[in-house]
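Single-structure report; data block below.
Keep in mind it's a predicted model, so treat the numbers as computed, not measured.
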Amino acid sequence: MLVNAGESSAMSAAMRSSPSVLVLITSHVVGRGGREAVIPLVLRELGRPPGRGALAMLDHADEVAWERSLPSVVYVGGIDAQGALRQHLPSVLRFVSNVLADFRPDAVLVTEPVGAPLVRLVSATGRPRPVVLSWLHLDPREVRFPSVLCWADGHLGICAGVLDNLPAVARRRQGFVVYNPVDVDQVRPVPRGAPGTPLPLLFVGRLHQQKRADRILDALAQTTVRRWVLHVVGDGPEALALEARARALNLQDRVVWHGWVPDPWSAVPAASLLLLTSRVEGFPVVLLEAIARGVPILAMDCPFGPSEIVVSGQNGWLLPTGDVQGMARVIDRISSGAMPLPSPGAVVETAERFAPGAVARRIIQAVWDVRRGRMGSSHGSPM
């Protein structure tokens, strides 16, 4: 559905709520991780009524099960995504052009900045082109060529921090905080540790330098009340080094290494507290997954996201980045019983604003706001 400038502004709410939206991924897709957890939830909501949402990616995802679970039309180009824009640019342009011609979206959400100029270059002439919105799942300061963001009509921020740190050259476009979704209604609560048993602590994520899981081990080594057990769910290049660090700190008997599992929340029998000590995040979906299950959070306030998710006293506690001693003190107080955990119900309530329907409504509103602004502007580049 496209709205001509001369059409009535009294368009029905039902029509406004259902633009056709294409998500375009131009990077390699693994099929696990925060981005891959978010996209199916958003597509499910954007695809109502059926046929209004689609996903296009250059090649098949590594995880076939993830790709098969997508609740939408899926276009796959059969192009090796590794170095595709350098080695296979003509094929990429043909693929994007064919997808746009077949699906005819009202809006395209690009998960990488380079997707914006690709869509703009191949958009068919002679008809209104789709609204192009950047939907970045990374620190925008790490964008290699920030000028390409100028090709987007607007930007969707998975948190306010992402929009605040967009390159100056991209800020002349509208920005919309939409957040990442978590499906509160479709998850089971995670039980907490039984009274008299060690406090079950949980880390979920890739064992990579960005996540700084070593800070968790250092904090636990400084606790004076050793009534806890740490469950680590995930794998990555730092796994062996972290296991060696745990042994060096004499924590090996209190840390359980689960490795990567498809459903990390089923890997542990109980969790009373989720820990996050990352150097930087795009918007940590694992925090949303935790509060949706009634699990409180103890996080360091890295950029970006924890400060927009953690509500002190209601669903957890927020510490300054790198405050290892502060983390040790909080764990001591909780494990000794001096500081009670918030109730599971109170924690779950804080997840409601991240429900998939709420996120989809914000995206749809952004599409219409940008489209109205574009129609009302007779000048501007590169519009």
Salt bridge (Lys or Arg N to Asp or Glu O under 4.0 Å) between R329 and D332, worked out
CA-CA 5 Å; R329 286 194 297 268; D332 271 341; over 6 Å; no
Under the side chain to side chain contact (heavy atoms under 4.5 Å, CB included) rule, what do L341 and I334 come out as? Steps first, then yes or no, please.
CA-CA 7 Å; L341 294 169; I334 293 172; 3.9 Å; yes
Before giving the answer on side chain to side chain contact (heavy atoms under 4.5 Å, CB included), spell out for L166 and L149 the whole-Å C-alpha distance, their side-chain angles and the decisive distance to 0.1 Å.
CA-CA 9 Å; L166 281 172; L149 287 166; 4.2 Å; yes
Would you please test L118 and W151 for side chain to side chain contact (heavy atoms under 4.5 Å, CB included) and show each step?
CA-CA 9 Å; L118 288 176; W151 290 85; over 6 Å; no
Would V256 and V232 satisfy side chain to side chain contact (heavy atoms under 4.5 Å, CB included), going step by step from the backbone distance to the final call?
CA-CA 6 Å; V256 181; V232 178; over 6 Å; no
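The shortest side-chain heavy-atom distance between N98 and L100 does not fall under the 4.5 Å cut-off. The side-chain heavy atoms of E67 and M57, taken from C-beta on, include a pair separated by under 4.5 Å. For the pair I25 and R35, the minimum side-chain heavy-atom distance is below 4.5 Å. For the pair V38/H137, a side-chain contact is recorded, criterion being any heavy-atom separation below 4.5 Å from C-beta on. Side-chain contact check for W317 versus P342: some heavy-atom pair is nearer than 4.5 Å. Contact of the C302 side chain with the V280 side chain is not registered, since no non-hydrogen atoms from C-beta on lie closer than 4.5 Å. Within the 4.5 Å cutoff, no side-chain heavy atoms of L201 are placed close to those of I216. Proximity of P344 to P189: side-chain heavy atoms (C-beta onward) are nowhere separated by under 4.5 Å.
Counted within 6.0 Å of CD on Q252, heavy atoms from surrounding residues, nucleotides or ligands total more than 12; the atom is thus considered enclosed. Residue E352 qualifies as enclosed at atom CD: its count of foreign heavy atoms under 6.0 Å is above 12.
Checked by atom type, the side-chain pair Q222/D218 shows no donor-acceptor distance below 3.5 Å. Under 3.5 Å, the side chains of S91 and R94 contain a donor-acceptor pair of N or O atoms. Remark: the T223 side chain and the R226 side chain contain an N/O donor-acceptor pair separated by less than 3.5 Å.
We find that R371 and D106 are not joined by a salt bridge, their nearest charged nitrogen and carboxylate oxygen being 4.0 Å or further apart. Classification of E63 and R68 as a salt-bridged pair fails, no side-chain N sitting under 4.0 Å from a carboxylate O.
Atom CG of N180 is separated from atom CD1 of I39 by 9.5 Å, given to the nearest 0.5 angstrom. Rounding to the nearest 0.5 Å gives a distance of 8.5 Å between CG of L319 and OG of S312. Atom-to-atom distance recorded for L287:CG and I297:CD1 is 4.5 Å, nearest 0.5 angstrom. Distance check: H88 NE2 to I79 CD1 gives 8.0 Å after rounding to the nearest 0.5 Å. Here L202 contributes atom CG and L298 contributes atom CG; the two are 12.5 Å apart, rounded to the nearest 0.5 Å. Atom CZ in F203 sits 9.0 Å away from atom CG in L275 (nearest 0.5 Å).
Applying the salt bridge (Lys or Arg N to Asp or Glu O under 4.0 Å) test to every pair with at least one member in residues 253-281, sequence neighbours left out, gives these pairs: K211-E281. The side chain to side chain donor-acceptor pair (under 3.5 Å) pairs that include a residue from residues 69-87 are Y75-D102, where partners are two or more places apart or lie in different chains.
Judged purely by atom type and a 3.5 angstrom limit, D301 has no side-chain atom pairing as donor or acceptor with the backbone of P320. Without hydrogens or angle criteria, R192 side chain to A271 main chain gives no donor-acceptor distance under 3.5 Å. A distance-only check finds a donor-acceptor pair linking the side chain of H155 to the backbone of A170 [under 3.5 Å]. Between the side chain of S97 and the backbone N or O of L93, no donor-acceptor pair lies under 3.5 Å. Q174 places no side-chain N or O within donor-acceptor distance of the main-chain N or O of G154, the cut-off being under 3.5 Å.
The two residues W265 and E289 make their nearest non-hydrogen contact at NE1-OE1, 3.2 Å. Between V99 and A56 the shortest heavy-atom distance is CG1-CB, 4.1 Å. Between T350 and N315, the shortest heavy-atom contact is OG1-ND2, 3.0 Å. Closest approach of V295 and L274 over heavy atoms only: CG1-N, 3.8 Å. Nearest heavy-atom pair, V285 versus A37, reported as atom, atom and distance to 0.1 Å: CG1-CB, 4.4 Å. Across all their heavy atoms, H60 and V76 have their closest contact at N-CG1, 3.6 Å.
Note on V30: it does not cluster hydrophobically with L55, by side-chain heavy-atom contacts below 4.5 Å among ILVMFWY residues. Hydrophobic cluster membership differs between L199 and V225, with clusters built from Ile, Leu, Val, Met, Phe, Trp and Tyr side chains linked at under 4.5 angstrom.
Evaluation of the side chain to side chain contact (heavy atoms under 4.5 Å, CB included) rule for N165 yields P140, R141, F304 as partners, not counting sequence neighbours. Scanning for side chain to side chain donor-acceptor pair (under 3.5 Å) contacts around E36 gives an empty result, with sequence neighbours left out. Here R215 pairs with R212, T277, M300, T321, V324 under the side chain to side chain contact (heavy atoms under 4.5 Å, CB included) rule; sequence neighbours left out. In this structure E243 satisfies the salt bridge (charged side-chain N to carboxylate O under 4.0 Å, His left out) test with no other residue, sequence neighbours excluded.
The one candidate from V187, V348, V347, L288 that meets the side-chain contact (heavy atoms from CB on, under 4.5 Å) condition with R293 is V187.
A cation-pi arrangement is present between R353 and Y179, with the terminal nitrogen or guanidinium carbon under 6.0 Å from the aromatic centre and inside a 45° cone about the axis.
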